[in-house]
Amino acid sequence: MFPYPSGAGLHVGHPEGYTATDILARYKRALGHNVLHPMGWDAFGLPAEQYAIKTRQHPRQTTEQNIATFKRQIKSLGFSYDWTREIDTTDPKYFKWTQWIFLRLYNSWFNPETNRAEPISTLRYPPELEGDSSNVGQASRLSQSSKENSKDGDRRDACPAESESARRAYRDSKRLAYVTEAPVWWCESLGTVLANEEVVDGKSEVGDFPVVRKPMRQWMLRITAYAERLLNDLETIDWSHSLKEMQRNWIGRSEGAEVDFEVAGSSRCDDRTPQRGVPTDKIRVFTTRPDTLFGATYMVLAPEHKIVDVITTSEQRAAVEAYKAEVSRKSDLERTELAKEKTGVFTGAYAINPAIDPNDPLWPNQHRIPVWIADYVLASYGTGAIMAVPSHDERDMEFALKFEIPTQNVVMPPDDWLRHNFGPSTNVPKDVQEIYRTAIEELRETYSHTNAYFGQKAFVGEGTAINSANAEISLDGLPTPEAKKKITGWLESKGLGKRTINYKLRDWLFSRQRYWGEPFPIVWKQDAGGNWFHEALPESALPVLPPPLDDYKPTPDGQPPLARAKDWVNLPDGSRRETNTMPQWAGSCWYYLRYLDAKNDQTFCGGAAEKYWMGAAAVQPSPDSTIQRFNDSTKPGVDLYVGGTEHAVLHLLYARFWHKVLFDLGCVSTPEPFFKLVNQGLILGEDNQKMSKARGNVVNPDDMVNEYGADAFRLYEMFLGPLQDAKPWSTKGVVGVYKFLGRVWRLFVDEESDTEFEQAETIANTQRPEAPNLLELIKLRPGIEDTPPSPAQLKTLHACIRKVTEDLDHLRFNTAIAAMMVFVNDAITWETKPCFVLRDFLILLHPFAPHLAEELCAKLHSEFPTPTSALSYAPWPKYDPALLVEDTLEIPVQVNGKLRDVIKVPADASQQQLESAALASEKVKQFIQGKTVKKVIVVPRKLVNIVVG
RNA sequence: GCCCGCGUGGCGGAAUUGGCAGACGCGCUAGAUUCAGGUUCUAGUGAUUAACAUCGUACAGGUUCAAAUCCUGUCGCGGGCACCA
């Protein structure tokens, strides 16, 4: 539990998850488990700061107020949190360790050979940078050989520094936390950059402000290095299907190949202007369908692709420049919104399809394909260039149709696809309809020979390769997966390409130009050449506190507010502090670890506590445990995490990433942070709409508690429906559980004494503020006795124990409550009510309605004492299956699958007995009269079905 | 557009996973208590029908002795992604 304490206070959605975990915490304690159930505050970040600005207060002030409000509201609901572990991300005692973890990231690199993070000291330098860094006086090979611009200075003094800065640059480029100048999402209204995940539909997720793409120098975290592990390890954790799917989509792994296309020679591109550092002879593309290589009829580069300027011919240059200008004017939002119509420009250049023989008689000149630029190809994904196969890619088909570029079918679709798409019912050209009438063989024949826009429809599925052969290799006849393998192997053997995996996941933009966040424990220094470089502060400098600022508001130019604190920024030795701050997600990336050892001032989380709670230590499950996962060392991590789905790709991905880094560095003992995760569903307003102030359908928990009490509120939150589902709130529905609690009360309490109490209380309230303990006036009702329960009573009780226990184990709170209602509806009719039966029921009730249950238990205890008076410490009752055994069963009898009668039989009736009893039934006889009984299905203890004909 | 998930009374939702559809609660109807209202209690409450009975789990098919549950297609709702090659 780690809410963001907003200015609006709690809404009814918050307590849903809190109530669920509180019920489980109380239940698990009753089973004898040691339960860690904490609460804390995720209090840094944009919304808090925006609220502070809006109300013209310091964020420190508003944060404290908001936390106080949340705490008051949460406490009013009676949750059994361990408040000694309360944490707050804005507390220096907490963010000291957030900064400390950042230093771990900064001082690590990802070793692709071991597939894990390692200390930066294990980094090996490439040969040209090799040298003894401890002996900087010795010149390295690089500085001796390649420096023509050091002529002004003393060669021997400059070289070691050059070498060291080259090594530093290399080292810095490998760190898990690194600085880069790259296009990022800039939000002027918020005055900060945002991560990809924080931008929704071209607007900021916080506040819904416009954002623009802008190159800026920023801190990044190398989450992409963990893409594969973040993807694979999803299989080891118990999360909902949809949440895993969201993470998979976000990571976006795709397997394919990179293929190099040579740019055609001098005939068309004779005016190429060579540019340093850009290869002029090759365009590398990424494709997931290397098997369609023979069908590539043109290429597309992203307009921002570096090679565009190099290959563009003089006659196309003006058009290309104009297009590039047009594209750069468009915001990313426009670029996606206006995506309906494809746009692009021919560069004038041609590329060579490496698979097609120049003299192939099948398609003359098809090995030479035009190179276009178009904004439907993204610079930021893959290589920023594609081979376009219109026949087998919808986007390419659309583009080809618009610019009249030829197509080539190279995958034979399944017959169903051909029929479905070219059948007479579809809107296809008449000539194609004609084809449909012919045999499927002819349809196939035509498909393989028609090099036109066959039905204007791309076939993107898997099929069989056709028209895909050259002198060296043929894919023809191979199913798509095999064709992919074969062509990739061929490309690799020829040095033309290689198998490649691409991810949509991008590195995590980690800096913000705001005040209300953790400062970076980083300073900037200048080297001899005047270049600035960054350096980590020592751990002893932590925590790095933000400077006190009168004006903490963001600036429109991206200069962080911290930069205004000149005294803070400039250090005596001439170095300068980093002035960006960390994003909100930093503090919430590891809070669950701090809970384990919240007061530790030596380390972020002590090893023993971490191992004990995260389950990596061998913890014996309690014999009472019915959920094996709790304290099960084979399923390590947080046993149960209840949270909203809104964090699917933000917090939950970031936290997994940090946890894996900490795991690699030996700081934690489990590879995943959260073993089991459940998303509570949204609670909607009474109008079935999402609750919002604007709609005026917000339900305030305070009002509910005032009106119906905390217990009824808790109970209703759970009775509403399954925890995971979205469900509408209904204040009328609260009345139902409120009445149930009233019936529970009357099950125990003498109504006359209750009335007496109420009258006494009214008088006391009006006359004397200091009333005696009037609760003592309330007496147990007659009929509650210390007598042995009847078999029927025991059965009712034990059925309830069983149902509640099993339902709690599966988080089915709504049906557990229904079971308790059934118990009360029965028990209230009992003449005598055995006190131990009632007490066991109170134990079942107390996780849901602790206040009422404890009160009634105390009342019961005063007349019928038990060893433990408080329910919080009472052991959970166990049901006795022997008591639930029925001696007679009611068995439904069907005739031809239709219910005709229900017969009573002994529970141990044999199949024969069941059959004859069923056939003997009068009602059944009516339906089988005059018909032959073909078959009798007898399912023991379940039903009899008589099949007649 | 693509990928997930879900469609059960007037409403929220149950259904031991293929075996009596509608538990429990809300609402509604009638009755009791009450001067009255509220509270509380009792009975009823899927649809059609006077009744026998028939029909009913979004719709249309299919598998099965038996389908809310499994399969195919269609429609609707919710969520995610959105030119990711």
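Residue numbers begin at 1 in each chain, while the letters A, B, ... track the order of the sequences.
For RNA chain B, the stems formed by at least three consecutive Watson-Crick or G-U pairs, with both atom-pair distances below 3.5 Å, span B:1-7 with B:75-81, B:10-12 with B:24-26, B:27-32 with B:40-45, B:46-48 with B:53-55, B:58-62 with B:70-74.
The distance between atom CH2 of A:Trp745 and atom P of B:U40, rounded to the nearest whole Å, is 16 Å. Rounded to whole Å, atom C1' of B:A85 lies 16 Å from atom CD1 of A:Ile501. Going from atom CD of A:Glu806 over to atom P of B:U17 covers 11 Å, rounded to whole Å.
Between A:Arg802 and B:U16 there is no side-chain N or O to OP1 or OP2 distance below 4.0 Å. Look at A:Tyr376 and you won't find any side-chain N or O under 4.0 angstrom from OP1 or OP2 of B:A85.
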Using a cut-off of under 3.5 Å, enumerate the N/O to N/O pairs linking the protein to nucleotides 4-6 of chain B.
unit_1, atom_1, unit_2, atom_2, d
B:C4, O3', A:His241, NE2, 3.1

Contacts table for residues 711-726 of chain A: side-chain donor-acceptor under 3.5 angstrom, sequence neighbours left out:
unit_1, atom_1, unit_2, atom_2, d
A:Asp711, OD1, A:His851, N, 3.4
A:Asp711, OD1, A:His851, ND1, 2.7
A:Asp711, OD2, A:His851, N, 3.3
A:Asp711, OD2, A:Leu852, N, 2.7
A:Arg714, NE, A:Phe848, O, 3.0
A:Arg714, NH1, A:Asp22, OD2, 3.0
A:Arg714, NH1, A:Leu77, O, 3.1
A:Arg714, NH1, A:Gly78, O, 3.1
A:Arg714, NH2, A:Asp22, OD2, 2.8
A:Arg714, NH2, A:Pro847, O, 2.7
A:Tyr716, OH, A:Ser730, N, 3.4
A:Tyr716, OH, A:Ser730, O, 3.2
A:Glu717, OE1, A:Glu16, N, 3.1

Table please: side-chain donor-acceptor pairs of residues 819-831 of chain A below 3.5 Å, with sequence neighbours left out.
unit_1, atom_1, unit_2, atom_2, d
A:Asn825, OD1, A:Arg743, NE, 3.3
A:Asn825, ND2, A:Met821, O, 3.4
A:Asp826, OD2, A:Thr796, OG1, 2.8
A:Thr829, OG1, A:Asp826, O, 2.6

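Among the atoms of the strands shown, base atoms are found under 4.0 Å from some heavy atom of A:Arg506. The residue A:Ala388 sits apart from the nucleic acid: no heavy atom pair falls under 4.0 Å. When heavy atoms are screened at a 4.0 angstrom cut-off, A:Ser254 is found touching the sugar-phosphate backbone but no base atom. Note on A:Lys504: a base of the nucleic acid sits closer than 4.0 angstrom, heavy atoms only.
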Sugar-phosphate means primed atoms, P, OP1 and OP2; the rest is base. With that split, encode nucleotides 20-29 of chain B 5' to 3' as B, S or - using protein heavy atoms under 4.0 Å. B--BBSSS--
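Applying the ring pair (Phe, Tyr, Trp, His ring centres under 6.0 Å) rule to pairs touching residues 240-261 of chain A yields nothing, sequence neighbours excluded.
Mapped onto RNA chain B by nearest heavy atom, A:Ser380 and A:Ile828 fall at different nucleotides, with A:Ile828 at the one closer to the 5' end. Along RNA chain B, the nucleotide closest to A:Phe927 and the one closest to A:Glu394 are compared, and the more 5′ of them pairs with A:Glu394.
Because its NZ or CZ atom is both nearer than 6.0 Å to the ring centre of A:Trp239 and within 45° of the ring axis, A:Arg656 counts as a cation-pi partner of that residue. The side-chain tip of A:Lys342 does not point at the ring of A:Phe399 from less than 6.0 angstrom away and within 45° of straight on.
Nucleotides B:A58 and B:C6 place their P atoms 13 Å apart, quoted to the nearest Å. Taking the P atoms as reference points, B:G31 lies 14 Å from B:G38, given to the whole Å. Of the C1' atoms belonging to B:G76 and B:C59, the separation is 10 Å, rounded to the nearest Å. To the nearest whole angstrom, the two C1' atoms, one in B:C2 and one in B:U69, are 28 Å apart. Here, B:G9 and B:U57 have their P atoms 9 Å apart, quoted to the whole Å. Here, B:A32 and B:G25 have their P atoms 24 Å apart, quoted to the whole Å.
No donor-acceptor contact under 3.5 Å links the side chain of A:Asn249 to the base of B:C81. Checked by distance alone, A:Lys342 brings a side-chain donor or acceptor within 3.5 Å of a matching partner on the base of B:C83.
Two residues are said to be in side-chain contact when any heavy atoms from C-beta on lie closer than 4.5 Å; A:Leu811 and A:Val678 meet this criterion.
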Take A:Arg253 and A:Glu255 through the test salt bridge (Lys or Arg N to Asp or Glu O under 4.0 Å) and record every step on the way to the result. CA-CA 7 Å; A:Arg253 181 185 196 272; A:Glu255 220 174 294; 2.9 Å; yes
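With hydrogens and angles ignored, the 3.5 Å screen pairs no side-chain donor or acceptor of A:Asp260 with any backbone N or O of A:Lys282. A distance-only check finds no donor-acceptor pair linking the side chain of A:Asn196 to the backbone of A:Arg506 [under 3.5 Å].
Under the 3.5 Å distance criterion, with hydrogens and angles disregarded, no donor-acceptor pair is assigned to the side chains of A:Glu245 and A:Ser242.
Taking only side-chain atoms of A:Met246, from C-beta outward, the nucleotide of B:G80, B:C55, B:G12 with the closest atom is B:G80.
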